[in-house]
There are 2 protein chains.
Amino acid sequence: MSPHLASDSLTQRLADSGLRSTPQREVVYSVLLRKRDHPTAEEVFARVKTELPTISLATVYNCLETLVQCELVRAVNFERSPTRYCPNLRPHAHFHDEQTGRTYDIDLPPAVLAEVNQVLPAGFDASSVEITFRGQARATS
Amino acid sequence: MSPHLASDSLTQRLADSGLRSTPQREVVYSVLLRKRDHPTAEEVFARVKTELPTISLATVYNCLETLVQCELVRAVNFERSPTRYCPNLRPHAHFHDEQTGRTYDIDLPPAVLAEVNQVLPAGFDASSVEITFRGQARATS
DNA sequence: CGATTGTTTGGAATAGTTCCAATTCCAAGT
DNA sequence: ACTTGGAATTGGAACTATTCCAAACAATCG
């Protein structure tokens, strides 16, 4: 429950990759943790600016890229719409609501993940798999 | 084995959507059927030009879009790279080879598809699901 | 402190795609 | 056959998301 756990783990992860912890990276990451609605880079930019008014969009892109490298954040692409960012590290699929444009995380049980990987013929060695649904979500959450 | 089956089914599908069969649409479709290597719009453009030298890139985009609407072709997106087009209508996943950039079709047994759809909680109604692997493929095919 | 390396910044550049207005093509009705 | 209206095509401009770049800034190390 320490208030700076997230930022500590960020610092740690960055250090592991030989990178520095900076205010920009901290705030970008905290913005993602605070509101997990799969924001685009522009949306992150807008949110971060309230805390760091002089940050540039290029830096936001840099920070997001860095966080993806460190595996603290996942980049989510849906068709050709802007990349969205997601700090959920558990294995999960995405559900894209066609009406609202909202993206939901769908937890993936290991058993399902395993079965999906079974479909690969010999000679295919997957390092990751992405599952994306598109459809309509009844507004529960 | 009739040589014009494909073009007939194209004409049919287009008519079903109230659209016309045109040389441009025919050739774009036939190019996709001829070489199923998931070409980009630019690649389709290049191939079609050998047959229809005056076609424009905009028309290629239009035709591809039309074929996708008619459900004769699937648009395949991988991260933010250019959209690729695929005339394989059976349910299948895609495997993206990180070294070569090549895309492979992976057949999806109905059972797996069913299990994947099981992960959706109540209230989520999926009209389609996309499964994309990324990794390394031993050059078998 | 001074040098080196890493980071941020604003703006220019790029890539892929879509938009648009003008033309061309067809099909149906006379 | 001739017209006319809608559909399709075309070339080029516009757009969007992102990356690149060179300059400024910051932090770390010797």
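Sequence lines set the chain letters: A, B, ... in the order given, protein chains first and strands last, and positions in each chain run from 1. Excluded from the calculations below are hydrogen atoms, water molecules and symmetry mates; all remaining heavy atoms, backbone and side chain alike, are included.
- For the pair L14(B) CG and dA7(D) C1', the computed distance is 12 Å after rounding to whole Å.
- A straight line from CD1 of I55(B) to P of dT23(C) spans 21 Å, rounded to a whole angstrom.
- Using a 4.0 Å cut-off, no side-chain N or O of T54(A) falls inside it from OP1 or OP2 of dT8(C).
- Toward the 5′ end of DNA chain C lies the nearest nucleotide of S56(A), the other residue of the pair N62(B) and S56(A) mapping further downstream.
- When all heavy atoms of L52(A) and Q24(A) are compared, the pair lying nearest together is CD1-CA, 3.8 Å.
- For the OP1/OP2 pair of dA26(D) and a distance below 4.0 Å, the side-chain nitrogens and oxygens of R20(A) include no atom meeting the criterion.
- Aromatic pair H94(B)/H92(B): centroids less than 6.0 angstrom apart.
- Side-chain contact between V31(A) and K35(A) is absent, with no heavy atoms from C-beta onward closer than 4.5 Å.
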Open item on the list: Run E26(B) and S21(B) through side-chain hydrogen bond (donor to acceptor under 3.5 Å, both in side chains) and show every step you take.
Closed with: CA-CA 7 Å; E26(B) 301 266 0; S21(B) 176; 2.5 Å; yes
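- For the pair E79(B) CD and dA15(C) P, the computed distance is 18 Å after rounding to whole Å.
- Going from atom CG of L19(A) over to atom P of dT5(C) covers 16 Å, rounded to whole Å.
- For dT19(D), the OP1/OP2 oxygens have no side-chain nitrogen or oxygen of Y61(A) closer than 4.0 Å.
- For dT17(C), one of the phosphate oxygens OP1 or OP2 lies less than 4.0 angstrom from a side-chain nitrogen or oxygen of T83(B).
- Backbone-only contact: T22(A) has heavy atoms under 4.0 Å from sugar-phosphate atoms and none from a base.
- Phosphate proximity of dC25(C) to Q24(B): absent, as no side-chain N or O sits under 4.0 Å from OP1 or OP2.
- Residue contacts shown for E42(A) are absent, as no nucleic acid heavy atom lies under 4.0 Å away.
- Nearest-nucleotide positions on DNA chain C place P23(A) closer to the 5' end than the other of P23(A) and P23(B).
- Looking at R13(A) and E71(A), their side chains come closer than 4.5 Å, going by heavy atoms from C-beta outward.
- Checking A41(A) against V60(B), the closest nucleotide of DNA chain D that is more toward the 5' end is the one next to V60(B).
- Whole-Å rounding puts the K49(A) NZ to dT9(C) C1' distance at 13 Å.
- At whole-Å resolution of the value, CD in E26(B) and C1' in dT9(D) are 16 Å apart.
- A distance of 8.5 Å separates CZ in R47(B) from CG in L32(B), rounded to the nearest 0.5 Å.
- One interatomic measurement links the two molecules: CG of L57(B) to P of dA13(D), which rounds to 15 Å at whole-angstrom precision.
- In the set dT8(C), dT18(D), dG10(C), dT18(D) carries the atom at the smallest distance from any side-chain atom of R80(B).
- Nucleic acid contact for S81(A): none, since no nucleic acid atom lies under 4.0 Å from a heavy atom of the residue.
- Whole-Å rounding puts the E65(A) CD to dG6(C) C1' distance at 16 Å.
- T40(A) comes within 4.0 angstrom of no nucleic acid atom, judged by non-hydrogen atoms across all strands.
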